[in-house]
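Structure record follows, encoded as structure tokens.
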Amino acid sequence: GKSIEQSKEKNKPAEISLTVLKNSNCKDCFDINKIVETIKNNNVKVLEEKSLAFDSEEAKSLISKYEIQRIPSLIVSGQIDRSGELGLINKGDALIFEDTKPIYFDLETNEEIGRVTSITIKEPGCKDCSDVSSLITQLIRTGVIISKESALDVSQAQDLIAKYKITKIPTIIFSKDLGSYQDSQVLSAWNQFGSIEDDGSYILRAVPPPYKDLTKNEVVGLVDVTYLNDNSCSNCYNVSLHKAILLNFGTFISKENRLDISSSEGKSLITKYKITKVPTIILTKEASAYSSLVEAWKQVGTVEDDGTFVFRNLEVLALLYKDLTTNQVVEPKPQTQTTEST
């Protein structure tokens, strides 16, 4: 009987009081009511619930006592030893909610934190330059609040370009408030995207090509592709399949040129680059702007002294091609990877 009584006592709802501290002027601040409802769904009995303006005398006393830094905040008092920590921070005689997400009111700086502004700098003459607005979309999807977006032409942004030593256009400058979104997946990997300046601004620097290189005053990443074919080889693979592969690497194809090995221009390329297998493709040096393509090219081709990319390892396709040294059609065996066990 004693055990039953102890069990009943233990399972009784913990009697607690809830005090919410708010800033009524911050209309779109973090919704603390969701946290309140979550706590109420636990095994608790709320004896008292009240909401205080953060600048009231009672609130100021609580803020000082529990060293609260962000508003809105929540204080749980009462039988907190029986309620569990409820995901809050134990500060002696009360549990405090401190994981307030942006937007919130910072009591140290007396300002709202989390309203991010963005400035996109573009080169109006570069119609083929990459669209960097997708980064803003990514940030919004991870919960970042972009309160204001603006765009400037290069001519209008000379002060910003000089201040932050920007060398690639288009780019985006985000205000320091972006730093308050530490839970954002994009922000956690920001070193892959750009830099954080001394004033807290976030600058996009890993601009995907094509982009305008301000140091060279030219657009980088406009790749011309030459498809070199042998029309007499009806069984040879379709050289056009390379286009889809290039696009998968994000390559911007500016111009396409199709040649047969019997043409004067085709013969010239075969001689110049000592090509022995066709069909094949030749890329202009602009392909060097695509790092993933450059890395993959090491396995399938060469980069010539003039920067031209020549596809040479036709065997990787496991498709019919023509060997120009023997004038024979070759059917390569599928390449397999071997592993050694230790």
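Since we're looking at a predicted model, the values are computed, not measured.
V207 is listed as a side-chain neighbour of S130, based on a closest heavy-atom distance under 4.5 Å. Side-chain contact between T120 and I136 is present, with heavy atoms from C-beta onward closer than 4.5 Å. V239 is not listed as a side-chain neighbour of L228, based on a closest heavy-atom distance of 4.5 Å or more. With contacts defined as side-chain heavy-atom distances shorter than 4.5 Å, the pair R115/T117 does not qualify. A heavy-atom distance below 4.5 Å is found between the side chains of E58 and K50. Within the 4.5 Å cutoff, the side chain of L283 has heavy atoms near those of the L293 side chain. Between V223 and F252 there is no side-chain heavy-atom pair separated by less than 4.5 Å. Contact of the N257 side chain with the L259 side chain is registered, since non-hydrogen atoms from C-beta on lie closer than 4.5 Å.
No donor-acceptor distance shorter than 3.5 angstrom exists from the side chain of D177 to the backbone of V116, with no hydrogens or angles considered. Checking side-chain atoms of T325 against main-chain N and O of T276 turns up no donor-acceptor pair under 3.5 Å. Put simply, the side chain of D106 gets close to the backbone of E108: a donor and an acceptor are under 3.5 Å apart. Without hydrogens or angle criteria, S268 side chain to S264 main chain gives no donor-acceptor distance under 3.5 Å. The backbone N or O of S24 sits less than 3.5 Å from a side-chain atom of K27, completing a donor-acceptor pair. Counting only distance, with no hydrogens or angles, the side chain of R70 and the backbone of T100 share a donor-acceptor pair below 3.5 Å. Although no hydrogens or angles enter the test, the distance criterion places a donor-acceptor pair under 3.5 Å between the side chain of T38 and the main chain of K34.
Ion pairing between a basic and an acidic side chain is recognised when a charged N comes within 4.0 Å of a carboxylate O; E304 and R312 show such pairing. Under the 4.0 Å criterion applied to side-chain N and carboxylate O atoms, K40 and E49 are assigned as salt-bridge partners.
No path of Ile, Leu, Val, Met, Phe, Trp and Tyr side chains, each step under 4.5 Å between heavy atoms, connects Y202 with I173, placing them in separate hydrophobic clusters. Linking ILVMFWY side-chain heavy atoms closer than 4.5 Å, directly or via other members, places I253 and V300 in a single hydrophobic cluster. Hydrophobic clustering, with ILVMFWY side chains joined whenever heavy atoms are under 4.5 angstrom apart, keeps Y164 apart from W190. Hydrophobic cluster membership is shared by I196 and V186, with clusters built from Ile, Leu, Val, Met, Phe, Trp and Tyr side chains linked at under 4.5 angstrom. Placement of I146 and I121 in two distinct hydrophobic clusters is found when ILVMFWY residues are connected by side-chain heavy-atom separations under 4.5 Å, directly or transitively.
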Inset, instruction - Go through the steps to decide whether L18 and V76 satisfy the test side chain to side chain contact (heavy atoms under 4.5 Å, CB included), and finish with yes or no. - result: CA-CA 5 Å; L18 302 177; V76 180; 3.6 Å; yes
Inset, instruction - Starting from the C-alpha separation in whole Å, work towards a yes-or-no answer on side chain to side chain contact (heavy atoms under 4.5 Å, CB included) for F309 and S288. - result: CA-CA 9 Å; F309 286 57; S288 63; 4.2 Å; yes
Legend entry - Full working for salt bridge (Lys or Arg N to Asp or Glu O under 4.0 Å) between R205 and E197: CA-CA 12 Å; R205 298 195 183 273; E197 303 302 304; 3.2 Å; yes
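For K91, the NZ atom sits in a packed shell: over 12 heavy atoms of surrounding residues, nucleotides or ligands are nearer than 6.0 Å.
Considering F249, Y237, Y227 as possible partners of H242, the one that fulfils the ring pair (Phe, Tyr, Trp, His ring centres under 6.0 Å) test is Y237.
Side chains of Y181 and T142: a donor-acceptor N/O pair is absent below 3.5 angstrom, by distance only. Under 3.5 Å, the side chains of E123 and Y211 contain no donor-acceptor pair of N or O atoms. Side chains of S133 and D131: a donor-acceptor N/O pair is present below 3.5 angstrom, by distance only.
Here L21 is tied into one hydrophobic group with L52, F54, L62, I63, Y66, I68, I71, I75, I96, F105, L107, each link being a pair of ILVMFWY side chains closer than 4.5 Å.
Taking CD1 from I119 and CD from Q156, the interatomic distance works out to 11.0 Å, rounded to the nearest 0.5 Å.
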